[in-house]
2 protein chains.
Amino acid sequence: MTEPTDLRDDFPDTPARRAVVSVVRSFGALTRLMGPHYASFNLTPPQFQMLTILNRLRGERITQRRLGRELYVSFPNVTVMLSRIETAGLIERKVNPADRRERFVRITPAGLALLKRIWKVQPMHLEHVTAGLTDPERIELARLLNKMIAGLPPATTEEEAIENRSTPEP
Amino acid sequence: MTEPTDLRDDFPDTPARRAVVSVVRSFGALTRLMGPHYASFNLTPPQFQMLTILNRLRGERITQRRLGRELYVSFPNVTVMLSRIETAGLIERKVNPADRRERFVRITPAGLALLKRIWKVQPMHLEHVTAGLTDPERIELARLLNKMIAGLPPATTEEEAIENRSTPEP
DNA sequence: CAAATATAGTTAAGTTATTAACTAATTGCT
DNA sequence: AGCAATTAGTTAATAACTTAACTATATTTG
C-alpha cells in the first residue's frame, strides 16, 4: 500500500519533530480526558490552572502580567479568564495603590474551598491519564519537558516583538 | 519566611501530576513560539496540523470523523476548520456517492505546495524550540509521550473507547 | 516641568475548542 | 416494506486564546 518515493516523506522525521508532535498530541489527549473531570466542578481546565497558580503564589503580590507568564498565556486572555472566575466569586482583584496601573489578584476563600474539593479526587484522574507510564517514567518525562522549556523565552508576546511598531497598512 | 503547614501543599506533588503539568506547560510554550512561524504562511498551528494529517493519509478515503480522531479534536471543530481552509483552496470535500452522509477530504495541489514551502524552514524552528534537549533526549521524550497516550481512548466524545480495539496501522 | 516613552490592563475581531441540539442518510429489526 | 436506532456532518452557544488597537498610569528625559 505504501509508495516508496512518496511525497508523504518530504517532511523529514527528525528527533526534534517527533518530540514536538508528541507534545501536541499528548496535550490534546490529556485535556480531552481531563475536561469532563473539571466540568463536574463547573470549571474548565484553564480555569483550574489559574486557580492552582493563584494558590501556589498565595501571599505574594500577583499581577495579571505575572499570571500570563506563569500560565504561558497572553495578557488579554488573562483579563477575560479572570473576569469570568471573578464573577463566580473564586478570585478577587484589587488595584495597587502604589501603582494604580496594576491589579493584585487573589484567590478567595470560596476559590480555595473549591480547589480543596477538587484535590480530593484529582490524583486519581492524574493516575488514570498517565497509567501507561511507571512512576520513574513519569518523573523522567517531566524532567525532559522542564529541561526543554527551561531555555525558552517566557514569551507573552509584546516584550520581544516590540520592533513591530508603526507598521503601515498595505 | 516559609510556613511549614501551608495550604499550598495540599495538592500532593505526585509523579503523575508532575508529568501532566509539564505536558500542559510545554504545549503552551511550544505553540506560542511556533505560532508566528505558521502565521508567516497565513496558517494557524491547528490548520498546519490538519494539512499535515491530510498529506500523511493521502490516497486514503479520509472522512471528517477520522480527522477528528487523528487530531484529537471534536467533530464540530473539524467542520469549522475544514470550511476555512477549504475557502482558502487548500483542501476539498467530496460527498461519498456510496454513503452520502460521508464526505471525503483531500488536500489540493495548492495545499500541498504550501506544505512543501513550510517544510523548507520548519526543521529549523523545530530544532530551535527543542534546543534544550539532545537528540537522544528528544527521542526518549517522544517515546514516553507516545507510550502514555497509547493506552488512552481516542475520545472524540460520544463513541468513547468503543472502537478502540486492534486497529491496523496505516 | 512637559513631552516622549514605557508599562498594566482592557476591548475588539477573529480562530480554535468544547458540548448540545439539530439535519440527513443508512442500517436494522419486526 | 416501514419505522426505530445509528451514524456523519452541521449549527448554535460559549470559553479559550491570539494579535492589534486602545485607555490609563508611571517613568524618562530634554
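So that the names make sense, note that chain A is the first sequence line, chain B the second, and so on, each numbered from 1.
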Under a 3.5 Å threshold, yes or no: a donor from one side chain and an acceptor from the other, between A/Tyr38 and A/Gln49?
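Absent: no donor and acceptor within the cut-off.
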For A/Arg58 and A/Asn55, test the side chains for any donor-to-acceptor distance below 3.5 angstrom and give the result as yes or no.
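A/Asn55 and A/Arg58 do have a side-chain donor-acceptor pair below 3.5 Å.
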With the threshold set at under 4.0 Å for non-hydrogen atoms, list the residues of residues 86-96 of chain A touching DNA chain D in residue-number order.
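Here the set is empty: none.
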Give A/Thr31 one of three labels, base, sugar-phosphate or nothing, depending on what nucleic acid heavy atoms sit under 4.0 Å from its own.
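Nothing: the residue A/Thr31, judged by heavy atoms under 4.0 Å, touches no strand.
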Categorize B/Thr44 for me: base, sugar-phosphate, or nothing, with a 4.0 angstrom heavy-atom threshold over every strand shown.
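The answer is sugar-phosphate, as B/Thr44 gets under 4.0 Å only of primed atoms, P, OP1 or OP2.
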Among [options], which is the nearest nucleotide to the side chain of [X]?
X        : options                : result
B/Asn77  : D/dT10, C/dT16, D/dT19 : C/dT16
A/Pro76  : D/dC17, D/dA15, C/dA12 : C/dA12
B/Thr79  : D/dA16, D/dG9, C/dG9   : D/dG9
B/Val73  : C/dT15, D/dG9, C/dA17  : C/dA17
B/Arg32  : C/dA17, D/dT18, C/dG9  : D/dT18
B/Arg103 : C/dT16, C/dT10, D/dG9  : D/dG9
B/Arg100 : D/dG9, D/dA16, C/dT26  : C/dT26

Would you please name every residue forming a ring-ring contact (aromatic ring centres under 6.0 Å, His included) with B/His125, sequence neighbours left out?
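ring-ring contact (aromatic ring centres under 6.0 Å, His included) check on B/His125 returns B/His37.
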If each of A/Phe27 and A/Asp99 is mapped to the nucleotide of DNA chain D with the nearest heavy atom, which maps nearer the 5' terminus, i.e. the 5' end?
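Comparing both residues, the 5'-ward one is A/Phe27.
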Using atom [atom1] of [X] as one end and atom [atom2] of [N] as the other, report the distance to the nearest whole Å.
X       : N      : atom1 : atom2 : answer
B/Leu67 : C/dA17 : CG    : C1'   : 16 Å
A/Phe75 : C/dA8  : CZ    : C1'   : 9 Å
B/Met81 : D/dT18 : CE    : C1'   : 15 Å
B/Leu82 : D/dT11 : CG    : P     : 13 Å
B/Leu51 : C/dT16 : CG    : P     : 11 Å
B/Arg66 : D/dG9  : CZ    : P     : 12 Å
A/Leu71 : D/dT18 : CG    : P     : 10 Å
B/Arg65 : D/dT10 : CZ    : P     : 11 Å

Does OP1 or OP2 of [N] have a side-chain N or O of [X] closer than 4.0 Å?
X        : N      : result
B/Gln47  : C/dT15 : no
A/Gln64  : C/dT10 : yes
A/Arg101 : C/dT7  : no
A/Thr63  : C/dA8  : no

Assess whether a salt bridge exists between A/Glu127 and A/Arg138, defined as any Lys/Arg side-chain N lying under 4.0 Å from an Asp/Glu carboxylate O.
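Judged by the 4.0 Å cut-off on N to carboxylate O distance, A/Glu127 and A/Arg138 do form a salt bridge.
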Between B/Glu102 and B/Arg61, is there a salt bridge with N-O shorter than 4.0 Å?
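Salt bridge between B/Arg61 and B/Glu102, a charged N being under 4.0 Å from a carboxylate O: no.
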How do A/Pro36 and A/Phe104 order along DNA chain C: which one's closest nucleotide is nearer the 5' end?
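Here A/Phe104 is the residue nearer the 5' end.
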When the nearest nucleotide of DNA chain C is assigned to B/Pro45 and to A/Val80 on a heavy-atom basis, which residue is associated with the more 5' position?
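Comparing both residues, the 5'-ward one is A/Val80.
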Neighbour count above 12 (heavy atom, 6.0 Å) for B/Arg143 CZ
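Yes, because the 6.0 Å sphere around CZ of B/Arg143 holds more than 12 heavy atoms from other groups.
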Give a yes/no verdict on a cation-pi contact between B/Arg93 and B/Phe104, requiring under 6.0 Å between NZ or CZ and the six-membered ring centre and an angle within 45° of the axis.
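Pair B/Arg93/B/Phe104 does not count as cation-pi.
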Does B/Phe41 have B/Arg117 sitting over its ring (NZ/CZ under 6.0 Å from centre, angle to axis within 45°)?
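The answer is no, since B/Arg117 fails at least one limit relative to B/Phe41.
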Can you confirm whether A/Met148 sits close enough to B/Leu30 that some side-chain heavy atom of one is under 4.5 Å from a side-chain heavy atom of the other?
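Yes, close enough: below the 4.5 Å cut-off.
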